[in-house]
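Report on the structure given below.
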Amino acid sequence: MDPIYEKTYLLTDLHTDAFGRAKPSALLFFAQDIAGEHAALLSDNYDALQKKHLFWAVSRHNLNILKAPKIGQTILLRTWPMVTTRSAYPRAVEGYGEDGALLFRMVSLWVLMDTEKRSLVLPGRGGLTINGCNRGCECEIPSSLPPTEHENKTFRTVAYSELDRNRHMNNTRYLEWISDLLPLSFHETHYLTSCNICYLQEALPEQRLRLSWHLCENGLLSLDGYLESSTPEKRIFAAQIQFDNGVL
């Protein structure tokens, strides 16, 4: 099996924002889709994993956008597994425009989870071996983010429409929550150019999360999401998002 897998995607109204630019959450969706297809070819598909009481989950994302894809554009995605770490399966994704120019790239950390215990299954214990390679062109593996309290507080409840087949909030929805913190006028003149997101706990149906966040003058948004009803509060996810002034 070729370690590099390719697939094209057409950007439609479903994938773009009010200004015709690709939603960053849509780029995460495309990356999730192509990663799932490639992983199924390399090992087991979703149904086969379910029989083993396992499922794939993303624990971290590092996304860098060089140029915003636009509505009506066809983009080519390339993905490959990187060398497995002690606890995760890193995967690289690159997105190219119709002219062959690199539009974005990302590295995601994928982990195997036990469907019953909802706990991490370390590589080597899940019966899966994925032979990856580090080509040297990948962006950095996403790092951890220390907890921080910020002055802004927003509350969101996990809705049914935000769940995936694993019955938790899909990883793309977190970035939509973050985008919703900022008004239309901000998004008109700013676009996300990089993000580091850490998914620390599952966000489950009807859970209410407290979002603690701050936006700096340079466009850097820092956020921590906590489960409100837990004592002490459980940290569910964290993010650092860079927005740049001007439309790419």
Indicate whether any N or O donor in one side chain lies under 3.5 Å from an N or O acceptor in the other, for E202 and N166. no
Decide side-chain contact (heavy atoms from CB on, under 4.5 Å) for F243 and T189; before the verdict, give the C-alpha distance in whole Å, the side-chain angles of both, and the deciding distance to 0.1 Å. CA-CA 9 Å; F243 293 95; T189 56; over 6 Å; no
To check you understand the geometry: which heavy-atom pair defines the closest contact between P69 and I75, and what is its length? CB-CG2, 4.1 Å
Same hydrophobic cluster for V58 and I130, using side-chain heavy-atom links shorter than 4.5 Å among ILVMFWY? yes
Within the side chain of H38, is there an N or O that forms a donor-acceptor pair under 3.5 Å with the backbone of P81? no
Taken to the nearest 0.5 Å, the spacing of I71 CD1 from T12 OG1 works out to 7.0 Å
Would I197 and Y226 show up in the same hydrophobic cluster when neighbours are defined by side-chain heavy atoms closer than 4.5 Å? no
Going from CD on E176 to CG on N170, what distance comes out if it is rounded to the nearest 0.5 angstrom? 9.0 Å
Given side chains that start at C-beta, do those of Y96 and L103 come closer than 4.5 Å, heavy atoms only? no
Measure from the side-chain N and O atoms of Q242 to the backbone N and O of N64, and report whether any donor-acceptor pair falls under 3.5 Å. no
If two hydrophobic side chains count as joined below 4.5 Å and joins carry through other members, does L145 share a cluster with L181? no
What's the shortest heavy-atom distance between H150 and H214, and which atoms? ND1-CB, 3.7 Å
Is there a side-chain contact (heavy atoms from CB on, under 4.5 Å) between F55 and L49 once you walk through the steps? CA-CA 6 Å; F55 67 91; L49 285 175; 5.7 Å; no
Which residue, L227, L204, L163, forms the side chain to side chain contact (heavy atoms under 4.5 Å, CB included) with V158? L163
Looking only at atom types and distance, does a side-chain atom of R135 sit under 3.5 Å from a main-chain N or O of W80, one as donor and one as acceptor? no
I want to check something: taking the side chain as every heavy atom from C-beta on, are P90 and T85 in contact at a cut-off of under 4.5 Å? yes
State plainly whether one hydrophobic cluster holds both L200 and L211, where clusters connect Ile, Leu, Val, Met, Phe, Trp and Tyr through side-chain heavy atoms under 4.5 angstrom apart. no
Once rounded to the nearest 0.5 Å, what's the spacing between atom NE2 of H61 and atom CG of L175? 9.5 Å
Answer yes if the side chains of D33 and Y9 hold a donor-acceptor pair under 3.5 Å, and no otherwise. yes
Among Y174, W110, F237, ring-ring contact (aromatic ring centres under 6.0 Å, His included) partner for Y199: Y174
Any side-chain heavy-atom pair of Q73 and H15 under 4.5 Å: no
Is R91 close to M82 at the side-chain level, that is, under 4.5 Å between some pair of heavy atoms? no
Tell me the closest heavy-atom pair linking V107 and E138, and the distance in Å. CG2-CB, 4.0 Å
Is a side-chain donor or acceptor of N152 paired with a backbone partner of W213 at a separation under 3.5 angstrom? yes
Check L27 against A22 and note the closest heavy-atom contact, atom names and distance. CD2-CB, 4.1 Å
Could you give me the CA-CA distance, side-chain angles and deciding distance for R156 and R208, then say whether side-chain contact (heavy atoms from CB on, under 4.5 Å) is met? CA-CA 6 Å; R156 291 286 297 257; R208 190 168 188 253; over 6 Å; no
Do K153 and S212 come within less than 4.5 Å of each other through their side chains, counting heavy atoms only? yes
Please walk me through it: do F19 and Y191 pass side-chain contact (heavy atoms from CB on, under 4.5 Å)? CA-CA 10 Å; F19 307 101; Y191 188 75; over 6 Å; no
Without swapping roles, check the side chain of H190 against the backbone of F186 for a donor-acceptor pair under 3.5 Å. yes
Output for pair (L192 CG, I178 CD1), nearest 0.5 Å, gives 8.5 Å
Using a 3.5 Å distance criterion without hydrogens, assess whether the side chain of T172 forms a donor-acceptor pair with backbone atoms of F29. no
State, to 0.1 Å, how close L76 and T8 come at their nearest heavy-atom pair, and which atoms those are. CD1-CG2, 3.8 Å
Report yes if the side chains of S194 and N196 come closer than 4.5 Å at any heavy-atom pair, otherwise no. no
In this structure, are over 12 heavy atoms from other groups packed under 6.0 Å from E149 atom CD? yes
Using side-chain heavy atoms (C-beta onward) and a distance below 4.5 Å, is R118 in contact with H168? yes
Has Q32 got a side-chain atom pairing as donor or acceptor with F30's backbone, closer than 3.5 angstrom? no
Identify the heavy atoms of C195 and I241 that sit nearest to each other, and give their distance. CB-CD1, 3.2 Å
So, E94 and R105, do they make that salt bridge, N to O below 4.0 Å? no
Would you say the side-chain atoms of D224 pair up with the backbone N or O of P147, donor to acceptor, closer than 3.5 Å? no
Would you mind reporting whether L221 and L182 have side-chain heavy atoms less than 4.5 Å apart? yes
Any chance CD of E151 has more than 12 other-residue heavy atoms, nucleotides or ligands included, within less than 6.0 Å? yes
From L215 atom CG to S222 atom OG, the distance as rounded to the nearest 0.5 Å: 9.0 Å
When you measure from the side chain of R60 to the backbone of P142, do you find a donor-acceptor pair of N or O atoms at a distance under 3.5 Å? yes
In this structure, CD of E228 is separated from CZ of F155 (nearest 0.5 Å) by 5.0 Å
State plainly whether one hydrophobic cluster holds both L122 and V111, where clusters connect Ile, Leu, Val, Met, Phe, Trp and Tyr through side-chain heavy atoms under 4.5 angstrom apart. yes
